[in-house]
Structures are given as C-alpha cells and as structure tokens.
Asks: 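What follows is a structure written as structure tokens; I'll ask about it next.
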Protein chains: 2
Amino acid sequence: MAVTLADVAARAGVSAATVSRVLSGNYPVAGATRSRVLRAVEELEYVVNGPASSLAAATSDLVGVLVNDIADPFFGIMASAVQSEMEPEKAGGKLAVVCNTGGSPERELTYLMLLQRQRAAAVVLTGSAVEDPGHAEALAARLRRLAAAGTRVVLCGRPPLPEAGGDGGQGGGKGAAGAGPGGTGAPLTVAFDNRGGARRLTEHLLALGHRRIGYVAGPAERTTTRHRLEGHRAALADHDRDHGRDLLTEADRLTVHGAYDRSSGYDGALELLRREPGLTAVLAANDTVALGVCAALREAGLSIPGDVSVAGFDDLPFSADASPSLTTVRIPLHEAGARAGRLALGRESAPPGDVATVRTELMVRASTAAPRTD
Amino acid sequence: MAVTLADVAARAGVSAATVSRVLSGNYPVAGATRSRVLRAVEELEYVVNGPASSLAAATSDLVGVLVNDIADPFFGIMASAVQSEMEPEKAGGKLAVVCNTGGSPERELTYLMLLQRQRAAAVVLTGSAVEDPGHAEALAARLRRLAAAGTRVVLCGRPPLPEAGGDGGQGGGKGAAGAGPGGTGAPLTVAFDNRGGARRLTEHLLALGHRRIGYVAGPAERTTTRHRLEGHRAALADHDRDHGRDLLTEADRLTVHGAYDRSSGYDGALELLRREPGLTAVLAANDTVALGVCAALREAGLSIPGDVSVAGFDDLPFSADASPSLTTVRIPLHEAGARAGRLALGRESAPPGDVATVRTELMVRASTAAPRTD
DNA sequence: CTGTTAGCGCATTCAA
DNA sequence: TTGAATGCGCTAACAG
C-alpha cells in the first residue's frame with residue numbers, strides 16, 4: 001500500500017540499508033548516492049514509517065508534555081517553551097506532544113502509561129502535583145519504570161519527587177557531573193520558588209500596612225498551593241514575632257480554598273468578605289483567581305486598591321494590563337519550560353543535585369496600595 | 001531488557017497470540033485464561049510496545065491536534081474538548097496529543113509530516129488557516145496523502161478546504177450518508193460562522209447608533225480574519241444601502257491589522273484614535289485583542305462604554321467578568337472540539353456535505369452602549 | 001477458544 | 001562506502 005524503504009531503494013538503485021543510512025544521517029554515505037536517494041524520496045513522497053523505525057531502533061522521537069489544564073496560559077506558555085527546543089524540522093528532532101491531564105491523578109498515570117507504551121524519548125511533567133500519598137507512590141513507581149525503560153523524565157514547576165524509601169543516606173548528590181541518561185535515577189527537576197515568592201508578596205502587603213489579609217488558595221492537596229500558602233504564613237509568622245501580634249491565627253480564618261480558576265476567586269472573595277467585612281487585602285492563588293477576586297470585590301461596591309488591595313501570582317501576560325494592573329509574582333515560565341526541554345533532550349547537563357530552582361520576582365503594580373486609614 | 005509479550009505468555013502458560021487477544025480485547029478469550037494473563041501482566045508490569053503493535057497492525061492510537069497558539073485559551077478549550085472524547089483509559093482508546101504550530105505554516109506542515117510518520121489514526125487541525133496559495137496547495141497535498149494513508153483528517157474552526165482543481169462540478173455532495181473512512185476524500189469540517197457573528201455584532205453597534213466604528217482585525221492573511229471582516233463590512237454595506245450613507249469607505253480607513261494578542265489591541269486602538277479621534281466604538285479581532293483595546297482607551301482617558309464602546313469575539317471565559325464585561329460573539333468551542341473529536345474517531349457520522357457549521361451567538365454585555373450624544 | 005506461522009518496515013550487525 | 005541477512009515485538013490469518 002504505502003511507499004516503503006524498499007521502494008525508495010529500488011528507485012534509487014541502492015539497497016534499503018543505504019536509504020536508511022541516508023535518512024538517519026548518522027553514517028557516511030557517498031554524496032552522489034545520497035542525492036540519488038533523496039531524489040527518489042522526493043519523487044515517491046516517501047515518509048518514514050515511525051513505528052517500524054522505532055521498533056527496530058528501540059527508541060522513538062516522541063516527547064510527552066503533561067499539563068494540568070491546557071486552557072490555562074500558565075501551562076500553555078511552559079508547553080510552548082518545551083516545544084520550542086525540539087527542532088522537529090531537523091533529522092533527529094523530536095515531536096513534542098502535550099497531554100492534558102485536567103489535574104486528574106488517574107489521567108496523569110494513564111498518559112504516562114500511554115507514553116511508556118509509545119516508548120517516548122522523554123516526558124516532561126509540568127505544574128503542581130497532588131499530594132495524596134497513594135498517588136505519589138504510584139506516580140513515583142511509574143516514573144521509575146519510565147526511566148528504567150530509557151525515557152528521560154523531567155519535572156517542571158513541580159517539586160522534586162520525595163526520596164524513595166530505603167536509601168536513607170543524605171550523602172552528597174553525585175556532584176554536578178554529566179549524570180547521563182538515568183543519572184541518579186531521580187528525575188531532573190526545574191522547580192519554582194513558590195514559597196519565597198509568596199513570602200515576598202505578603203511582606204509587601206504587610207509593609208504597606210495591611211493587617212487583615214484574606215487568602216484565596218488553590219486546591220488543598222496540591223504542592224503549589226501548599227508552598228505558596230507556606231510562604232504567606234512564614235511572612236505572617238515573622239511579622240508576629242517582630243511585632244507581638246497574632247496574624248497567623250487570623251490567617252486560618254481568612255484562608256479559603258478553591259480551584260485555580262476565576263470562579264473560585266469570585267466565590268472565595270465573597271466568602272472572605274462574609275467572614276471579615278473589614279478585609280483590606282486579598283491574595284489570590286494565581287492571576288486568574290485574582291481576576292475573579294477583583295470582579296467580586298467590584299460587584300460588592302469596593303474599589304481596588306482604594307478599599308481592598310489584590311495580588312495574584314504567576315504574572316501571566318494579561319496581568320500587566322488588567323485594570324488595575326495586577327501586583328503579582330513573576331515566574332519565568334518560558335525560561336523554565338525551555339530549560340526543561342533541553343534537559344529532556346539531554347542537551348543541557350543536569351543541575352547540581354538534579355534540581356534547578358528558578359527565582360520568582362515580586363511585580364508591584366497598581367492593584368496594591370496602603371490601606372485606607374479610617 | 002524490557003518485558004515482552006512472550007514473557008507474559010510464558011508466565012501465564014499461554015501463547016503470545018492469546019496475550020495479545022486479551023490485551024486488545026476484541027476477540028473471545030475464556031474468562032479463566034484472561035484473568036491468568038492479566039495477572040501475569042500485573043506481576044511483570046508489562047506495557048505493550050506501541051511501535052511494534054502499530055507496525056504489525058498498521059495503525060496507531062495517536063491522534064494529533066494542531067493548534068496555532070497553545071497559550072491561547074481559544075485553542076486550549078478546543079484541544080481539551082477533542083481530548084475529552086478519546087477515552088485513553090480504555091482499550092482501543094486513543095492518545096490525543098496537541099502540537100503547537102505557533103501559527104507558522106511551515107511548522108504546520110512539519111507536524112503533519114511527523115504525524116504521518118507516526119501513522120496517526122487521525123489529525124485535527126484547529127483555528128484559522130493561512131491563505132497563501134502556495135501554502136494552501138502544500139497543505140492540501142499533505143492532507144490528501146494523510147487521508148490516503150488512512151489517517152482521518154478533521155478541520156475544526158477553519159473553513160473547508162478549497163476544492164482541488166479539476167473536478168469542476170458542484171454536484172450534490174453525496175448526501176448525508178455514512179461516508180466511512182475517507183468519505184468524499186475532502187476532510188470533514190466543523191466550521192464557525194464567523195461571518196454571521198461579526199455581522200450581527202456590527203449590526204448591534206449600528207442599532208445603538210454608532211457610526212464611527214474602528215476595527216482592530218487579526219493577521220491579514222488568515223481565513224478567520226477575513227471572514228470576520230467580511231461580516232463587519234456586510235453589515236455596513238447593508239446600512240449604507242438603507243440609509244444612503246457611506247460607512248463602508250470609512251471602514252477602510254478605520255481598520256487596522258495585528259496579531260491575535262493583547263498588544264495588537266493596545267497598539268491598534270492607539271492607531272485608530274490617531275486616525276479618528278471621534279471614534280465611538282471599536283471592534284476587536286477577538287476577546288484578547290479587545291482587552292488590549294480597553295487598556296489603551298482607558299490610558300487615553302476614555303471610559304468604556306461611556307466614551308467608546310468595545311466588543312470582542314469568541315466569548316472566552318474571562319470576557320464575562322472583565323470590567324466592564326465584554327460584549328462579544330460566543331463560539332461554542334467546547335462543543336465544536338468535542339464534535340471534531342468524535343468525527344476524528346469515526347464515532348459520529350459525517351455531516352451533510354462533510355461540513356458542519358456551528359452557530360455563533362451575540363452576547364451583549366456592558367462594554368457596548370449608545371454613543372454619547374454631544 | 002487457543003496455538004502456530006508468517007510477516008509488518010526498518011536499523012543494524014557483518015562481510016565485501 | 002555499500003549490500004545481504006537478521007530480528008525488533010507484535011498482530012492477524014489460518015489451523016486445530
């Protein structure tokens with residue numbers, strides 16, 4: 001039916017082996033032969049049979065990128081950055097494909113299995129992980145099997161995997177050396193400093209004079225949610241220590257959880273307002289949630305930042321020209337994704353300890369200001 | 001190295017063929033045998049070798065979804081909808097993977113080639129197409145080859161492919177019949193009524209009393225851009241005819257082009273204001289552009305909709321709670337994507353003429369109002 | 001219902 | 001630098 005290597009070989013008057021060598025390009029072939037083959041390929045419109053090639057070579061050129069929500073630019077930007085490193089047009093380039101888990105742990109495992117089935121060259125997992133112990137264990141097991149099967153595993157925007165039980169020793173992580181395919185066995189990780197970012201954000205509000213700060217957090221069981229909340233609380237704890245206050249206890253009452261979407265922000269803000277009408281600031285799980293918060297506040301007749309300051313997280317493109325422009329914490333998503341992509345291809349050597357933490361940066365804009373002094 | 005079918009067969013005390021049959025599930029196997037095999041699979045942690053399986057069966061379970069911009073929710077929503085139809089957890093389920101073309105025609109062709117190489121079961125192309133004749137021809141050729149190789153091709157949110165040269169006849173398109181794999185040869189299409197939506201939007205502004213309407217259009221060479229612009233101009237032409245005015249000529253001067261992003265909206269609005277300070281309304285290529293327009297207008301000291309009305313297109317989730325909430329044209333992206341997914345799987349019969357056009361709906365919100373009467 | 005057999009199309013030995 | 005031969009792991013006839 002379809003054109004095969006043999007057809008091309010016949011047309012070019014060479015053996016199939018030669019055609020294969022020309023196409024993969026990693027073997028010496030005489031110039032004349034090469035062009036003859038290439039011409040035959042053109043004329044016959046030959047396209048390599050990927051499955052056959054993968055079977056024979058025991059490798060594929062698929063790279064899977066798992067995202068929690070493909071409709072969220074947070075993931076879109078990272079995924080796009082990963083893809084930008086793949087050079088699909090060149091021979092030897094990879095085909096990066098993104099898979100949408102929808103935040104479901106089961107679906108995450110399913111996709112990893114399908115990617116393992118495809119013998120993917122690499123897999124990049126982006127975004128927060130679910131902290132359920134059962135799932136964490138299942139995930140770690142699956143990733144271990146993937147790595148054992150020769151698939152590179154890279155984590156991007158999620159914390160390093162917890163140590164597998166047993167090993168015990170904390171001994172010096174193999175240095176920064178090459179760590180070839182497999183490395184220490186633990187997946188390479190590009191982590192975000194969510195904790196530090198959240199901490200600086202809360203410090204910013206505190207410095208402005210805010211004392212009643214609401215927090216619309218993400219889903220309770222996710223690492224990113226926990227880290228950001230921890231940063232927030234660390235800043236409050238510091239403040240309590242230095243000023244003999246007890247903001248930290250207040251924070252329990254002034255924290256609500258929801259999804260990483262606008263309606264959570266909207267509902268969360270209303271709930272916070274009900275719990276504490278005297279709120280002067282609201283921190284949101286991310287920028288999208290922050291927009292929902294803003295909408296709810298406005299509908300409640302409150303001005304931003306006149307009555308209530310609002311801040312987000314991530315610094316997605318729309319944050320800068322929301323109105324008012326959103327104070328937030330910038331995460332270099334593109335750089336992180338690109339780096340994850342390079343790590344996945346083995347084009348960049350593993351970071352020390354196999355974990356690279358990318359800095360986050362406080363972006364102070366118009367949505368935060370000193371609270372009204374009544 | 002890796003566990004193979006033969007290993008599982010040995011462990012279960014059956015033949016490889018039986019294991020294969022159990023796993024693919026489309027062949028009768030005795031219950032006892034089946035569970036024995038399944039247990040062996042568990043114990044050995046066996047994962048099918050996709051390439052081998054694809055090679056032998058001459059089909060793969062990959063479905064490619066091409067998008068112009070993976071960081072844009074417009075595409076994210078459609079891609080997610082396509083994936084939602086794939087049932088990857090079930091045997092026989094497909095692995096939907098999204099590929100980001102970045103709007104580049106070359107990259108689009110590259111991805112299609114890679115997908116053909118993988119012998120993808122289906123390919124869904126989403127969003128507007130580039131109208132360059134050279135590329136259109138190359139694309140059509142590639143899609144023809146894909147279809148010939150047994151890959152189902154579905155267009156979602158882009159117009160049907162122009163007829164291949166030669167055929168001439170417009171004869172009755174085969175009726176609504178099954179049109180099995182291959183059908184008429186032309187790709188199945190889920191098209192959006194961009195023209196009608198844009199027309200109703202402009203009519204809405206006209207009815208409100210606007211006469212100086214700016215238009216920040218998308219990239220000049222894209223089908224979606226052209227269709228929306230045509231709808232806009234059709235509404236103006238109708239108005240001219242009925243009222244003896246010449247809004248259509250004005251429209252040439254009041255139309256600017258840019259990318260489908262915020263900064264285009266921002267820049268475009270400033271340019272329009274320069275050309276016509278007396279502008280009372282601005283239509284944007286899509287909702288994202290509209291937000292940029294709003295930002296520029298506000299910075300210019302103009303209120304929305306008090307001084308200038310603004311409208312978008314697509315009705316992405318953020319549009320409803322922008323401030324002011326955005327008048328826009330709703331496209332049922334999720335339904336369209338899901339339908340494209342079903343068409344790709346052959347789970348839904350082809351629409352009459354192989355083209356389904358989904359309706360668009362005018363959503364009147366707070367960003368449009370009657371112009372100030374000075 | 002199950003086993004046997006024969007490729008699927010390519011990459012890669014080994015010779016030449 | 002090239003060709004011939006072998007097998008990657010699986011599915012799909014065909015028998016039984």
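Worth knowing before you read on, the calculation uses all heavy atoms, side chains too, and leaves out hydrogens, waters and symmetry mates. Computed from a prediction, not measured in an experiment: that's the story for all the values here. Naming convention: chains lettered A, B, ... in sequence-line order (proteins, then strands); numbering from 1 in each chain.
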Asks: Can you confirm whether the side chains of A:Thr101 and A:Ser104 place a donor and an acceptor under 3.5 Å from each other?
Replies: no
Asks: With a 3.5 Å cut-off and no angle check, do the side chains of A:Asn68 and A:Glu108 form a donor-acceptor pair?
Replies: no
Asks: Which part of the nucleic acid does B:Ser54 contact within heavy-atom distance under 4.0 Å: base, sugar-phosphate only, or nothing?
Replies: nothing
Asks: Salt bridge check, B:Arg107 against A:Glu89: does any charged N sit closer than 4.0 Å to a carboxylate O?
Replies: yes
Asks: Rounded off to whole Å, could you give me the OH-to-C1' distance for the B:Tyr46 and D:dC10 pair?
Replies: 7 Å
Asks: Please assess A:Lys94 against A:Glu87 for the test salt bridge (Lys or Arg N to Asp or Glu O under 4.0 Å), listing each intermediate value before the final yes or no.
Replies: CA-CA 7 Å; A:Lys94 303 298 181 205; A:Glu87 311 186 323; over 6 Å; no
Asks: What is the distance, to the nearest angstrom, from the CZ atom on B:Arg119 to the P atom on C:dC10?
Replies: 7 Å
Asks: Please state how far atom CG in B:Asp61 lies from atom C1' in D:dT11, giving the value in whole angstrom units.
Replies: 14 Å
Asks: Do NZ/NE/NH1/NH2 and the carboxylate oxygens of B:Glu137 and B:Arg144 come within less than 4.0 Å?
Replies: yes
Asks: Separation of B:Asp7 atom CG from D:dG9 atom P, in whole Å?
Replies: 9 Å
Asks: Find which nucleotide of DNA chain D each of A:Ala56 and A:Thr33 is nearest to by heavy atoms, and output the residue with the more 5' nucleotide.
Replies: A:Thr33
Asks: Using a cut-off of strictly less than 4.0 Å between a heavy atom of the residue and any atom of DNA chain C, enumerate the qualifying residues of residues 9-26 of chain A by number.
Replies: A:Ala17, A:Ser20, A:Arg21
Asks: Which part of the nucleic acid, if any, lies within contact of A:Leu55, taking any heavy atom under 4.0 Å across all strands shown: a base, the sugar-phosphate backbone alone, or nothing?
Replies: base
Asks: Are any of the side-chain nitrogens in A:Glu43 or A:Arg39 under 4.0 Å away from the carboxylate oxygens of its partner?
Replies: yes
Asks: Provide, to the nearest angstrom, the distance between the CD atom belonging to B:Gln118 and the P atom belonging to C:dG9.
Replies: 16 Å
Asks: Just the rounded figure in Å: distance from C1' of C:dA11 to OH of A:Tyr27.
Replies: 11 Å
Asks: For B:Arg34 and C:dC1, what is the distance between atoms CZ and C1' respectively, to the nearest whole Å?
Replies: 12 Å
Asks: Assign each of B:Arg36 and A:Thr4 to its nearest nucleotide of DNA chain C by heavy atoms, then name whichever residue's nucleotide is nearer the 5' end.
Replies: B:Arg36
Asks: Can you confirm whether A:Leu95 sits close enough to B:Cys99 that some side-chain heavy atom of one is under 4.5 Å from a side-chain heavy atom of the other?
Replies: yes
